[in-house]
Trainee: 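Please see the structure below; I have some questions.
Just follow the structure's listing: the first ligand is 1, and inside any ligand the first atom is 1.
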Amino acid sequence: MDLMNSLRDGIAQELSWQIPLYEQFHRHPELGLAEHQTSAAVAAKLAGWGFDVRHFGGTGVVGVLANGTGPGVLARADMDALPVTEATGASYASTIPGVMHACAHDMHVVALLGAAKYLADHREAWRGTYIALFQPAEETAAGSQAMLDDGLAAGIPRPDVALAQHVMPTEAGTIGTTAGPILSAGDSIRITVHGRGAHGSMPHKAVDPVVLAASIVLRLQTVVSRETTPGEFAVLTVGSVSAGATANIIPDRAELLLNLRTYSTATRSQMITAIERIVRGECAAAGSPQEPEFEYYDQYPLTSNDAEANTRVTAAFTQTFGADAVYRTHPQTASEDFSRIPDAFGIPYVYWVVGSVPPDIYRRAVETGTVDTDIPANHSPFFLPAEDATLRMATGAQAAAALAFLARTV
Ligand code: ZN
Ligand code: ZN
């Protein structure tokens, strides 16, 4: 029987243990780098299925299943929850105040476990090395780096390709893939500009950092509108401006927090150059007594799929789930730290998105143009994937994508 067809049926049988485990993780969400119970549960499952289990970066877990000579495939799931208070009203809602799996990472974990068990149960169907990697702290962009800093690259067999997925508020039962950029690079910048403080009644004795910050905010709007190439994706948001505390004192500094999203490293460095030039120029124009300071933090790398590997994975999805279930997705403006792992090995990767909204609800929202307003998205306290359909597809996708590289060709 065709491997991909039997996979679809085989995966459905895994739901009997996956659903209770998913609900258990959903009830007990854990924040980044504190995924202790999740990590222990994952390690126990992997060990029970014959995986060689290793730990990196505190709560990070890797299971290696060597099954003869062949390619190496690394599949990754993130495990962390968010500081959100759940409002879904689900019977398996979070029992931890102020913490919720609002980004479906619990679904990612259970789906990857399902694929790992499927591969362990069907060793006759493939050859090579399957590496299931469970990463902490995706939401803070710290987890993949923490695993790498703890010796991940030298501590596991070198894979040839890496795979990852994300549950999104699109139609359950569908998978979106694309070659090239699928998630943006994200950068946050803290900018401190200096003025000279004075009494509010004596502006002639001051260099006013409030006026300086205001002109910087306005001038920064020209980076995307006047400098980057029209049609080239770029977002620059000033998310915070702060200076002073009272009405009658001119403060001596102002702080601006910026967020950048880009799909190309060239555009990213063009924007950073423009931002620094504008800030320095405005400081000079204001007569600022001290150079501005730039601190780059919460940096997420670009997620850009290898074209050849994406074609192979997309073909496996189409073969397994049918052409109607697979569509070409637009790149998302969100960001991820997954690509640091394949980048550390210098290997190609494929990242895809899995739908989670019951089809009738999703289609009605599309018809009425209310997808953006009525369908709770990731990080919303109301975000709750349809359990059965999402888990089935996410598990099948991880297994099918791995077998696209590992399956024995007779
Ligand atoms: Zn998230
Ligand atoms: Zn996420």
Trainee: Can you tell me if, anywhere in Cys103, an N/O/S atom lies at a distance from the Zn ion (ligand 2) that is smaller than 2.8 Å?
Mentor: yes

Trainee: Within this structure, what is the CD1-SG distance for the pair Ile216 and Cys283, rounded to the nearest 0.5 Å?
Mentor: 4.5 Å

Trainee: Run the side chain to side chain donor-acceptor pair (under 3.5 Å) test on Thr267 and Thr262 for me, step by step, so that the C-alpha distance in whole Å, both residues' side-chain angles and the decisive distance to 0.1 Å come before the verdict.
Mentor: CA-CA 7 Å; Thr267 303; Thr262 49; over 6 Å; no

Trainee: Hey, is there an N, O or S on Glu138 sitting under 2.8 Å from the Zn ion (ligand 1)?
Mentor: no

Trainee: So which of the N, O or S atoms of Glu139 lies nearest the Zn ion (ligand 1)?
Mentor: OE2

Trainee: Can Glu291 and Arg280 be counted as an ion pair, charged N to O under 4.0 angstrom?
Mentor: yes

Trainee: Check whether any side-chain heavy atom of Asn378 sits under 4.5 Å from a side-chain heavy atom of Met168, and report yes or no.
Mentor: yes

Trainee: N/O/S of His105 less than 2.8 Å from the Zn ion (ligand 1)?
Mentor: no

Trainee: Determine whether the aromatic ring centres of His122 and Tyr118 lie less than 6.0 Å apart.
Mentor: yes

Trainee: For the Zn ion (ligand 2), which N, O or S atom of His166 is at the shortest distance?
Mentor: NE2

